[in-house]
Structure formats: structure tokens, C-alpha cells
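This is the structure I have questions about; it appears just below.
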Amino acid sequence: MRCFRTALIQMQVGADLTKNLDNAAKHIAQAKESGAELIALPECFNSPYGVNFFKQYAESVPQGRTCEALSKAARDHSVYLIGGTLPEIDKDNQKFYNTCTVWNPDGDLIAKFRKMHLFDIDIPGKITFKESDILSAGNQPVTFDMHDVKIGLGVCYDLRFEELAKLYRLLGCNMLVYPGAFNTTTGPMHFELLQRARAADNQVFVCAVSPARSAKGYRAYGYSQITDPWGKVLAQAKEHEEIIYADIDTAQCDAVRQQIPIFEQRRLDVYDTVKKV
Ligand SMILES: NC(=O)CCC(=O)C(=O)O
């Protein structure tokens with residue numbers, strides 16, 4: 001296993017697609033300059049996050065402008081790039097998805113993950129959001145390999161679902177990456193907690209990358225974070241535009257798994273007989 005530097009780009013996102021793409025490219029260049037080999041962008045990094053905007057900004061994958069820009073940035077800087085998410089239209093079935101793309105240092109698309117758990121919540125007086133008004137859910141867990149490190153993908157609300165994270169651990173992942181856009185109601189309660197829980201439960205590195213807080217529209221929480229397999233927070237952003245970094249050594253996954261071998265100690269004989277869901 002080798003050590004590599006990861007960068008999460010907590011960028012400001014606005015209504016202007018070109019500005020968003022340029023801003024992402026500028027930050028990717030800066031992260032590469034600082035030694036990052038794996039760089040991740042936030043959920044809806046190319047467009048405002050909101051049910052009213054998904055159709056307006058939807059693009060085909062990988063034919064659209066956003067994918068072109070991501071491929072170019074990965075190639076220009078020779079990095080693995082997790083391209084946050086973009087609203088995708090699938091021209092075959094005319095459905096819309098919240099889609100994460102991953103690009104290798106040659107600029108090739110190596111993974112595509114469609115958000116599996118749509119963000120439908122209603123907290124009276126605080127936040128009501130219903131992605132499923134427009135979006136369809138993906139049905140496919142997706143991993144990709146960066147050298148000998150297997151990385152699993154989720155998008156924002158997917159972070160709440162322990163089953164998906166556990167599936168990735170069982171598939172051999174050492175790291176999970178969630179482009180996200182938590183909000184200012186649930187973010188302070190749950191964003192750090194959920195990441196540390198997924199990391200400790202599954203003994204993996206967890207990265208979640210948010211847009212910077214904006215003055216109007218959907219108020220992303222910020223606080224992008226990198227957590228190690230012990231559940232320790234290695235880096236955490238504040239609310240504003242910022243890049244956070246951590247040097248990832250996957251030998252740490254081996255160490256915690258050896259020292260606290262919960263995956264060999266699970267009582268599937270009990271759990272599976274008491275209740276099947
Ligand atoms: N974009 C999202 O899926 C938001 C998820 C969120 O804020 C939550 O509380 O969960």
C-alpha cells in the first residue's frame with residue numbers, strides 16, 4: 001500500500017455554469033500544486049442545488065460541457081478526479097439523476113455513480129426538500145481502483161445509509177467518498193457524526209465534500225471533512241471556500257482491522273435468524 005494526498009475542494013457554486021467550471025479548474029490546479037493525487041469536488045458543483053434547477057442544468061454523461069471540463073482538468077493535471085456531481089439526463093429513458101463521475105489521470109471516465117437514496121425530507125419550519133419530484137434513484141453501488149486502493153462512492157444523503165457503506169467495506173474498499181451538500185439544519189447535528197460513524201463502523205477512510213456556504217438559495221453547510229479508519233477527523237473545513245488535505249495511508253485500515261477485528265466477530269448467525277429485511 002502507498003501513501004497519497006487527497007484534496008477536497010469546498011468551492012463556491014453559483015448560477016453561472018462557466019464560472020463554476022472555471023472555479024473548479026482553478027482549485028484543481030491549486031490542489032495539484034499542493035501535491036494532491038486524488039481530488040474531489042462537491043455535489044452539484046456546476047449548478048445551484050435545488051429541485052427547480054436540475055432540469056435546467058442537466059447534461060448527458062459523458063457528452064456534456066461539464067464532463068468535458070472534468071476530463072480536461074484530470075488530464076491537464078494528471079490526477080484522479082472525483083467530479084462532484086452534476087444533474088444528468090439519460091437520453092435513453094429521459095430520466096434525471098444526480099450523478100458522480102470519476103476521471104483518471106489520462107482524462108478517461110472510469111466510474112459513474114447515480115445517487116441511490118434521494119434527499120426527501122420534511123422538517124417543518126426548517127427544511128423541506130424532495131429530490132424525487134424530478135430525479136430518479138440510481139441502483140448500482142460503484143467502486144473504482146486508484147492503484148491498489150479501492151474507493152466506494154456515495155452522494156450526500158447516501159451517507160446516512162450504513163448498509164451501503166458496509167457493502168463497500170465487504171467489497172474491499174479502504175476509502176469512501178461522498179460529494180455532498182448538507183444543509184444548515186441537519187449539517188450541524190449530523191454531518192461530522194455520520195462520517196465518523198461510517199468510518200469507525202467500517203474501518204475505512206471517509207471523505208465528504210460540500211460546496212461553500214452561499215448567501216442565498218440553498219444554504220450548504222460546508223464543513224467538508226476527511227476522517228481516518230479509527231474515526232478521527234484528519235481535516236475539516238469551515239463555511240467558506242477552502243481546500244482541505246490529508247495524507248492517506250491505507251496501512252491504517254489494516255492496523256485497525258487487525259487490532260479491532262469486528263468483521264470477523266459479527267454474529268451473522270444471530271442477526272440473520274432474528275429478522276430478515
Ligand atoms: N444533498 C443532500 O442529499 C442533503 C442531505 C442532507 O442534508 C441530510 O441531512 O441528509
Side-chain angles (χ1 to χ4, degrees), residues 8-15 20 24 40-58 66 82-88 95-101 112-142 152-166 168 176-199 201 206-214 216-225 227 236-239:
L8 306 187
I9 295 179
Q10 181 168 296
M11 54 179 274
Q12 196 71 61
V13 176
N20 294 331
L41 299 170
E43 184 176 28
C44 282
F45 84 97
N46 70 339
S47 54
Y49 180 63
V51 171
N52 296 337
F53 299 109
F54 293 139
K55 281 190 180 171
Q56 184 188 336
Y57 286 87
T66 299
I82 299 176
T85 73
L86 69 150
E88 178 198 2
K95 288 185 174 174
F96 296 89
Y97 299 92
N98 190 344
T99 301
C100 174
T101 59
K112 173 174 133 173
F113 172 87
R114 288 167 165 170
K115 188 171 187 174
M116 277 177 73
H117 304 90
L118 296 180
F119 181 44
D120 287 359
I121 68 166
D122 181 18
I123 304 180
K126 300 281 188 192
I127 176 169
T128 301
F129 206 100
K130 199 150 180 249
E131 280 191 319
S132 65
D133 277 347
I134 305 293
L135 300 179
S136 297
N139 296 315
Q140 192 62 49
V142 175
L153 296 169
V155 175
C156 204
Y157 199 57
D158 289 327
L159 176 63
R160 290 188 178 273
F161 297 85
E162 156 59 13
E163 290 95 333
L164 179 62
K166 175 154 292 105
Y168 282 138
L176 308 181
V177 180
Y178 298 88
F182 265 60
N183 60 87
T184 50
T185 300
T186 60
M189 291 191 286
H190 296 155
F191 197 43
E192 175 178 338
L193 173 75
L194 288 168
Q195 292 175 68
R196 295 188 64 199
R198 297 298 83 90
D201 283 349
V206 171
C207 298
V209 49
S210 169
R213 185 97 40 102
S214 68
K216 54 182 180 164
Y218 182 88
R219 305 206 71 217
Y221 176 53
Y223 289 85
S224 299
Q225 181 175 308
T227 307
Q236 190 180 60
K238 296 262 188 285
E239 290 146 26

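Because the structure is predicted, anything quoted here is derived from the model rather than measured. Both ligands and their constituent atoms are indexed starting at 1 by order of listing.
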Where is the nearest protein heavy atom to atom 5 (C) of ligand 1: which residue, which atom, and how far?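 Atom 5 (C) of ligand 1 sits closest to the protein heavy atom Cys156 SG, 3.3 Å.
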Atom indices of ligand 1 within 4.0 angstrom of Glu43 heavy atoms, with elements: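 Going through ligand 1 atom by atom, the ones under 4.0 Å from Glu43 are 1 (N), 2 (C).
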Tell me which part of Tyr49 gets within contact of ligand 1: side chain, backbone, both or neither, using heavy atoms under 4.0 Å.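 Looking at Tyr49 and ligand 1, just side chain atoms fall under 4.0 Å.
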Polar side-chain atom of Tyr178 near backbone of Glu43 as donor-acceptor pair, under 3.5 Å: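 No, because the side chain of Tyr178 does not come within donor-acceptor range (under 3.5 Å) of the backbone of Glu43.
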Could you check whether atom NZ of Lys95 has more than 12 heavy atoms from other residues, nucleotides or ligands sitting under 6.0 Å from it?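 Atom NZ in Lys95 is not packed in, count stays at 12 or less.
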Using every non-hydrogen atom in the two residues, find where Pro141 and Tyr168 come nearest and quote the distance to one decimal.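 The answer is CA-OH, 3.4 Å.
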Any atom of ligand 1 sitting under 4.0 Å from a heavy atom of Gly180?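 The answer is no, since Gly180 has no heavy atom less than 4.0 Å from ligand 1.
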Nearest neighbour in protein (non-hydrogen) for atom 9 (O) of ligand 1: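 The answer is Thr186 OG1, 2.6 Å.
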Return the residue, atom name and 0.1 Å-rounded distance of the protein heavy atom closest to atom 7 (O) of ligand 1.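 Result for atom 7 (O) of ligand 1: Asn183 ND2, 2.7 Å.
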Compute whether any side-chain donor of one residue and acceptor of the other, for Tyr49 and Glu131, lie under 3.5 angstrom apart.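 Side-chain D/A pair, Tyr49 to Glu131: present.
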Closest heavy-atom contact between Gly222 and Ser210?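 Answer, listing the atom of Gly222 first, then Ser210: N-OG, 3.1 Å.
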Could you identify the single nearest non-hydrogen protein atom to atom 10 (O) of ligand 1 and state the distance to 0.1 Å?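 That would be Arg160 NE, 2.7 Å.
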Parallel, tilted or perpendicular for Tyr221 and Tyr223, by the 30°/60° rule?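 Rings of Tyr221 and Tyr223: parallel, as their planes differ by under 30°.
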With a 4.0 Å heavy-atom cut-off (strictly under), which part of Lys115 contacts ligand 1: side chain, backbone, both or neither?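 Near ligand 1, Lys115 shows its side chain, while the N, CA, C and O stay back.
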For a quick test of reading the model, state the closest non-hydrogen atom pair linking Leu176 to Ala165 and the distance between them.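 Taking every non-hydrogen atom into account, CD1-CB, 3.7 Å.
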Residue portion contacting ligand 1 (non-hydrogen atoms closer than 4.0 Å) for Glu131: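 Neither; nothing of Glu131 gets under 4.0 Å from ligand 1.
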Answer with side chain, backbone, both or neither: which part of Phe119 has a heavy atom less than 4.0 angstrom from an atom of ligand 1?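 The answer is the side chain.
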